[in-house]
Asker: 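I'd like to ask you about the structure that follows.
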Amino acid sequence: MTTPPPGGSLLEAIGGVPTAAAELVVEATDVHKWFGRLHVLKGVSMTVKRQEVVVVIGASGSGKTTFIRCVNHLEKIQQGRISVNGHLIGYRDVNGRLVEDRERNIARQRQEIGMVFQRFNLFPHKTALENITEAPIHVRGVPEAEALETGRALLARVGLSAKSEVYPAQLSGGQQQRVAIARALAMKPALMLFDEPTSALDPEMIGEVLEVMKELAREGMTMIVVTHEMGFAREVADRVVMMEDGQIIEEGTPEHFFTNPTHERTKSFLSKIL
Amino acid sequence: MPVTPGSLLAVSNPSFQFDLKFFLNFVFNPAPALLGGLAITVYVAVIAQLMGVILGVLSALAGMSRSWLFRGISGIYVWFFRGTPVLVQIFLVYFGTPYLLSGFDLFPNHIAVAGLDLRGAILAGLVTLGVNEGAYMSEIVRAGILSVDPGQTEAAKSLGMTYRLTMSRIVLPQALRVIIPPLGNEFNNMLKTTSLLSIIAVEELFRYAQAVNSSTFHSFEAYFGVALYYLLLTTIWSWIQARIERRLGVATTGSGGGRSWRMRMLGFANRSGQGAGGMR
């Protein structure tokens with residue numbers, strides 16, 4: 001790998017493994033989603049246990065990105081239910097019918113779910129450190145001094161101590177993505193979602209981001225990762241999920257996918273990306 | 001003897017000629033009333049523009065809200081105030097509202113506001129120009145908000161920010177860079193549009209020129225002289241605007257040096273994108 005792993009434990013910087021209340025962190029049952037008439041999720045069910053790392057693979061358009069965006073309610077779902085830490089996400093159950101929850105409640109639920117985007121989405125008008133402290137201070141109400149301390153510790157752990165006062169435009173893609181991971185961690189989430197975190201990166205920067213993610217996985221963060229990085233999957237995934245046409249068509253350990261994938265689509269997909 | 005316009009003018013300006021001395025005196029030795037008019041012009045323009053910005057932000061947010069009621073209110077507001085002449089709006093507000101309120105005069109000659117004696121016509125003018133300006137600012141702010149990458153909103157939401165926090169701390173500061181240049185043009189217009197308030201007897205700059213004209217019949221001297229004063233105001237403003245935009249220009253190249261806190265606050269310190277390394 002290009003960059004040595006960042007110094008020290010990532011989760012130590014935020015006070016240890018966030019204690020998820022539930023043993024099952026994510027519980028998605030029969031999730032359906034339509035974009036207009038397009039049926040993009042056709043009954044996806046998935047559970048993620050505490051400290052488990054699930055890698056979701058599949059061709060573009062298979063619904064994998066849409067699915068993890070539903071997990072923090074960036075997308076609405078039309079059928080089924082998704083719970084995180086035992087709490088229904090985005091909806092309230094009113095006599096068996098699901099009604100979209102209030103904005104404030106949804107915002108509170110999202111505090112427990114970190115998300116890392118393909119295109120980083122750092123706030124360009126804030127420094128690296130301000131990007132990290134923004135939400136702890138203004139959403140969680142953490143005292144500024146404490147937020148700054150945590151922010152600096154996180155930056156150090158992703159190997160960017162020297163960049164705390166720098167604006168995103170002055171950082172490389174890999175550096176930006178590492179700041180984005182630190183930003184999500186600063187909220188001490190019980191679950192981290194990664195939406196193709198290395199797809200927008202130049203090849204030589206992929207390694208440094210994957211190193212941070214592997215470190216996080218080893219330290220026990222619960223993660224759902226949409227990626228095509230099978231090396232990452234082999235090293236840290238507990239489970240790999242293959243999606244095709246809005247459905248999960250195969251699920252198993254990384255070894256299973258590398259040695260004897262059963263589904264024809266999985267075989268042809270893996271032969272293209274490996 | 002028939003009274004012709006010419007014969008009237010001849011009364012106090014018998015030579016009917018450009019009076020250089022009068023003109024120079026008008027411009028370079030301004031009467032206190034002229035300076036008073038200048039002050040009213042500037043202060044009405046600034047306050048009306050501020051009102052316009054506030055109303056514009058509210059209207060833009062309402063227009064982009066999920067509620068059809070808010071969208072409808074914003075739509076009708078912008079439609080009406082952009083679609084009718086501001087002069088008509090001034091008359092409607094100042095002369096028209098008492099008829100709507102069964103004779104109650106919203107804008108009496110003297111209004112005590114926080115211990116100050118405010119002329120009703122000024123208040124009516126401020127309200128009309130501010131509300132009119134809000135309709136234009138609404139579109140400008142809307143364009144500014146739409147210029148911000150939707151990924152910014154998603155990132156803010158994913159961190160647990162509410163709509164209000166997302167707008168105030170993430171989206172609007174970034175929209176400002178797009179809003180500022182047209183806002184400067186709007187204020188240039190506003191400085192000049194205030195002259196319309198002369199018609200409801202607000203004693204601003206142009207009203208003073210009219211008074212000089214009618215008492216001395218030095219029409220050219222008074223109107224050209226006051227034109228120069230407007231030119232002075234808009235020139236000063238252009239200079240200020242150019243300075244702001246030059247800073248914006250420097251900042252958008254991504255160079256880090258020389259950021260003032262103001263520029264940082266406005267989000268000008270950096271390019272809005274995600275940097276060369278990352279964007280597709």
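Order of the sequence lines sets the chain letters (A, B, ...), proteins ahead of strands, with each chain counted from 1. Just so it is clear, the structure is predicted and the values come from calculations on it, not from any experiment.
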Asker: Hey, what do you get for CG (A:L74) to OG (B:S158), rounding to the nearest 0.5 Å?
Answerer: 6.5 Å
Asker: Which heavy atom in B:A155 sits nearest to a heavy atom in A:F117, and how many Å separate them?
Answerer: CA-CE1, 3.7 Å
Asker: Please check if atom CZ in B:R164 has more than 12 non-hydrogen atoms from other residues, nucleotides or ligands closer than 6.0 Å.
Answerer: no
Asker: Check whether any side-chain heavy atom of B:D149 lies under 4.5 Å from a side-chain heavy atom of A:R119, and answer yes or no.
Answerer: yes
Asker: Identify each donor-acceptor pair in which a side-chain atom of residues 190-198 of chain A lies under 3.5 Å from a protein atom, sequence neighbours left out, and give them as a table.
Answerer:
| from | atom 1 | to | atom 2 | distance (Å) |
| --- | --- | --- | --- | --- |
| A:D195 | OD1 | A:T65 | OG1 | 2.9 |
| A:E196 | OE1 | A:S199 | OG | 2.7 |

Asker: Answer yes or no: does atom CD of A:E103 have more than 12 heavy-atom neighbours from other residues, nucleotides or ligands under 6.0 Å?
Answerer: yes
Asker: Under 4.5 Å between any side-chain heavy atoms of B:L159 and A:R183, yes or no?
Answerer: yes
Asker: Hey, does A:K126 have a side-chain heavy atom less than 4.5 Å from the side chain of B:R169?
Answerer: yes
Asker: Tell me, out of A:M115, A:Q177, A:H138, who's got the most heavy-atom pairs with chain B below 4.5 Å.
Answerer: A:H138
Asker: Determine, stepwise, if the pair A:R110 / B:M161 fulfils side-chain contact (heavy atoms from CB on, under 4.5 Å).
Answerer: CA-CA 8 Å; A:R110 286 190 181 124; B:M161 290 195 189; over 6 Å; no
Asker: Under 4.5 Å from any heavy atom of chain A, what part of B:L165 do you find: side chain, backbone, both or neither?
Answerer: side chain
Asker: Please tabulate, one pair per line, all N/O donor-acceptor pairs under 3.5 Å involving side-chain atoms of residues 40-52 of chain B, not counting sequence neighbours.
Answerer:
| from | atom 1 | to | atom 2 | distance (Å) |
| --- | --- | --- | --- | --- |
| B:T41 | OG1 | B:G37 | O | 3.1 |
| B:T41 | OG1 | B:L205 | N | 3.1 |
| B:Q49 | NE2 | B:E133 | OE2 | 3.2 |

Asker: Check the surroundings of atom OH in B:Y163: do more than 12 heavy atoms from other residues, nucleotides or ligands lie under 6.0 Å from it?
Answerer: yes
Asker: Between A:H125 and B:Q174, what is the shortest heavy-atom contact and its length?
Answerer: CE1-NE2, 3.4 Å
Asker: Looking at every heavy atom in both B:T162 and A:A107, which two are closest together, and how far apart are they?
Answerer: CG2-CB, 4.1 Å
Asker: When rounded to the nearest 0.5 angstrom, what is the spacing between CD1 in B:I170 and CG in A:N121?
Answerer: 11.0 Å
Asker: For the CZ atom on A:R69, are there more than 12 heavy atoms of other groups (residues, nucleotides or ligands in this structure) within a distance under 6.0 Å?
Answerer: yes
